[in-house]
Amino acid sequence: MAAVEASVSPRIVIIGCGIAGISAAQRLFSHGYRDLTVVEATARPGGRIKTTEFGKGLVEIGANWIHGPSKENPVFQLACRYGLLDAEAMSEENQAIETKGHPPYPPVSYSSSGKIISFDECLPVRQLYESILAKAGEQRFRTGNGPAASVGEFVKTEAAEEMKKWRNVDKEKTKLNHAVLNTLLKLECCICGAHSMDHVGLASFGEYESLPGLDCTFPRGYHSLIKSMMKPLPKDIFSFGKAVHCIHWQGSFQGNSSSGRIFPVLVEFQNGGKLQADHVIVTVPLGYLKHHYRTFFHPPLPSAKVESIQKISFGTNNKIFLEFEKPFWEPDCYYIELIWEDESPFADVKLDLQKDWFRKLIGFTVLQPPEKFGHVLCGWIAGYESEYMENLSDDEVLNVITQLLRRFTGNHPCSSPKKVLRTKWHNDPYTKGSYSCPGVGCTGDNIDVLAEPLPAVDQVVHMPLQVLFAGEATHRTFYSTTHGALLSGRREADRIIHFYTAEKLNSKL
Ligand code: 6YU
């Protein structure tokens, strides 16, 4: 590895110890940069990668899967290198499977009247939906001149047109078709971390790239990746419980040592401490930036950056883990999908969170195998309903879900869960939601603007690259994922490395 040869090693502060921050530190350290500090507001590393004990085993509070575990995916590459995956996940067959970012459909679904709906009954709508979604991602809509502003509007318009052509469909069947389409849109909300697909921009939808490979999990928890990434780095570069209050840039700040060094950036902490730096890599979640961008930077951010922070959405997707004494599901069941027969995406429904929040739950993943996890279900819920759920009591959630499961499975004596654990990403003060997704009116360019450093290298200033931006929301094609976050951290580390390499070359000319 090339060691940095600047006469004085630049001081680099990385804000946030999620996968983006750690990958930036890894890259800089491996290139010889030694004056590094990673400051983290909470008491633990990992950010939105967080594994905890529940039932008989481990559950993921944040990221669950490696999306697209195949050779191009840097998280997959690292996980293989560290020996963190099982043989099936690493097999060539697994890597070759194309899922287009969607989980496989379950063999049966459950309806709100307690009936089982077969795979074949749902198939025509699912196939139609997939073809419309593929169309929504087409290049021709990237300019923002699409037929609809949002993915939701586009799907509904196209689906209504197509469904009109379907023959021999009676009233009951039409009702079910609409209910299935509504369930698919709710699933998409969980995938995008959005309240409604009407809030997801058509112009940017196709920017997201899925990689091949059937999504896989970490047998020893996603956190095993964070531990392995941090292991070769010196412990003393990490500083926990250090929430940054404000980044002062474009300044001249005297260092504490006797060298008399002057730094362009000063990081001010919430507890009053201060740290001077040459470069700061900001990896805090977009949700945090949305709430704090006005006071987090001094001088304030340029208007183009503020526009990006506003246009890129940051919604909530939460999980509800339930542990049962005995399973009420069949041993081969891996997902319990809920279809509300009275719902339709074409109906105009007034949002009543108190009355209806649980209708947004799309279903429950069965954690397999039970010998490893116990009898545990993981429910998925996105949007405002998910944020509302965070403020309810455990008992309230348990009661509602027990009734819900009894109703859908037609299994009235089904026992109530003995334990519940909910994620609360919207209430997390240092995240304020789950992950980013381009909103209506947002284009891929907004993501690139968010990723631009301040001041840029081509601007004539005393010191460029004072504030750099990484984190999942800054990756144009892999936003919302751990691999997007990881690549963004490397990207910003490389920006600094290239800057000093170019400077060294110029000084030799
Ligand atoms: C993935 C998956 N996954 C489920 C759920 C969540 C997320 N993701 P971090 O937040 O980690 O780090 C920043 C740190 O900064 C943090 O520690 C803060 O405490 C700290 N900080 C904040 N303010 C500070 C301050 N003032 N001072 C100091 N420190 C401060 N990704 O690949 N697979 O299965 C899921 C899922 C419930 C919440 C996920 C998944 C998202 C990842 O977790 C996330 O992107 C990265 O961990 C972020 O890392 P980071 O370092 O950037 O930030 C249109 C279209 C749609 C296409 N979308 C595809 C869907 C893909 C997303 N799938 C998600 C699904 C699940 C289940």
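When a ligand or atom number is given, it counts from 1 through the structure's own listing order. The shown structure was predicted, so the numbers you read here are calculated from the model rather than taken from an experiment.
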So which heavy atom in the protein is nearest [atom], and how far is it from that ligand atom?
atom: atom 16 (C) of ligand 1; result: Glu40 OE1, 3.5 Å
atom: atom 13 (C) of ligand 1; result: Thr283 O, 3.4 Å
atom: atom 33 (N) of ligand 1; result: Trp65 O, 2.8 Å
atom: atom 61 (C) of ligand 1; result: Ser480 OG, 3.3 Å
atom: atom 7 (C) of ligand 1; result: Tyr435 CD2, 3.3 Å
atom: atom 35 (C) of ligand 1; result: Ala63 CA, 3.4 Å
atom: atom 24 (C) of ligand 1; result: Val284 CG1, 3.5 Å
atom: atom 11 (O) of ligand 1; result: Arg48 N, 2.8 Å

Atoms of ligand 1, numbered as shown, that sit under 4.0 Å from any heavy atom of [X]:
X: Trp380; answer: 67 (C)
X: Ala20; answer: 51 (O), 52 (O)
X: Gly18; answer: 11 (O), 12 (O), 51 (O)
X: Ala485; answer: 48 (C), 49 (O), 50 (P), 52 (O)
X: Asn64; answer: 2 (C), 3 (N), 34 (O), 35 (C), 67 (C)

Do Asn64 and Lys319 have side-chain N/O donor and acceptor atoms under 3.5 Å apart?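 Their side chains do contain a donor-acceptor pair, which is all the 3.5 Å distance test asks for.
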
Please tell me whether Ser109 and Glu337 have a donor and an acceptor in their side chains that are separated by less than 3.5 angstrom. yes

Could you tell me whether [X] and ligand 1 have an N or O pair separated by under 3.5 Å?
X: Tyr288; value: yes
X: His67; value: yes
X: Thr42; value: no
X: Thr481; value: yes
X: Ser434; value: no
X: Val244; value: yes
X: Ile19; value: yes
X: Ala41; value: yes
X: Asn317; value: no
X: Glu472; value: yes

CE on Met230 to SG on Cys17, rounded to 0.5 Å: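 The SG atom of Cys17 sits 4.5 Å away from the CE atom of Met230.
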
With a 4.0 Å cut-off on heavy atoms, does [X] reach ligand 1?
X: Ile15; value: yes
X: Gly46; value: yes
X: Arg44; value: no
X: Phe269; value: no

Can you tell me which residue among Phe324, Phe364, Tyr334 is in a ring pair (Phe, Tyr, Trp, His ring centres under 6.0 Å) with Trp329?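 With Trp329 as partner, ring pair (Phe, Tyr, Trp, His ring centres under 6.0 Å) holds for just one option, Phe324.
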
Taking atom CD of Glu72 as the centre, report whether more than 12 heavy atoms of other residues, nucleotides or ligands fall under 6.0 Å from it. no

I'd like to know whether the aromatic ring centres of [X] and [Y] sit less than 6.0 Å apart in this structure.
X: Tyr293; Y: Tyr288; result: no
X: Phe141; Y: Phe154; result: yes
X: Tyr208; Y: Tyr479; result: yes
X: Phe263; Y: Trp249; result: no

Does a side-chain N-to-carboxylate-O contact under 4.0 Å join Lys135 and Glu138?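 Salt bridge: no.
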
For His245 and Phe269: C-alpha separation, side-chain torsions, deciding distance, then whether ring-ring contact (aromatic ring centres under 6.0 Å, His included) applies. CA-CA 5 Å; His245 171 63; Phe269 295 97; over 10 Å; no

Using a 4.0 Å heavy-atom threshold (strictly under), name the region of Trp425 that reaches ligand 1: side chain, backbone, both or neither. side chain

Of the side chain and backbone of Phe478, name the one, both, or neither that has a heavy atom under 4.0 Å from an atom of ligand 1. neither

Closest to atom 57 (C) of ligand 1 (judged by heavy-atom distance), picking from Tyr208, Phe205, Tyr430, Phe240: Tyr208

Just go through Tyr222, Tyr479, Phe296 and tell me whose heavy atom is the nearest to atom 54 (C) of ligand 1.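 Residue with the shortest heavy-atom distance to the ligand atom: Tyr479.
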
From the options Lys424, Glu390, Glu387, select the one residue that forms a side-chain hydrogen bond (donor to acceptor under 3.5 Å, both in side chains) with Thr316.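 So the option named by the test is Glu387.
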
Over 60° means perpendicular and under 30° means parallel, so classify the ring planes of Trp357 and Tyr388, tilted if in between.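 Tyr388 vs Trp357 ring planes: tilted.
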
Minimal non-hydrogen separation, Ala473 against Leu286, with atom names: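 Residues Ala473 and Leu286, closest heavy atoms: CB-CB, 3.9 Å.
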
Begin with the C-alpha distance, continue with both residues' side-chain angles, and end with the deciding distance and a verdict on side-chain contact (heavy atoms from CB on, under 4.5 Å) for Gln77 and Cys80. CA-CA 5 Å; Gln77 287 169 9; Cys80 290; 6.0 Å; no

Given Val75, Thr482, Leu486, the one that forms side-chain contact (heavy atoms from CB on, under 4.5 Å) with Leu225: Val75

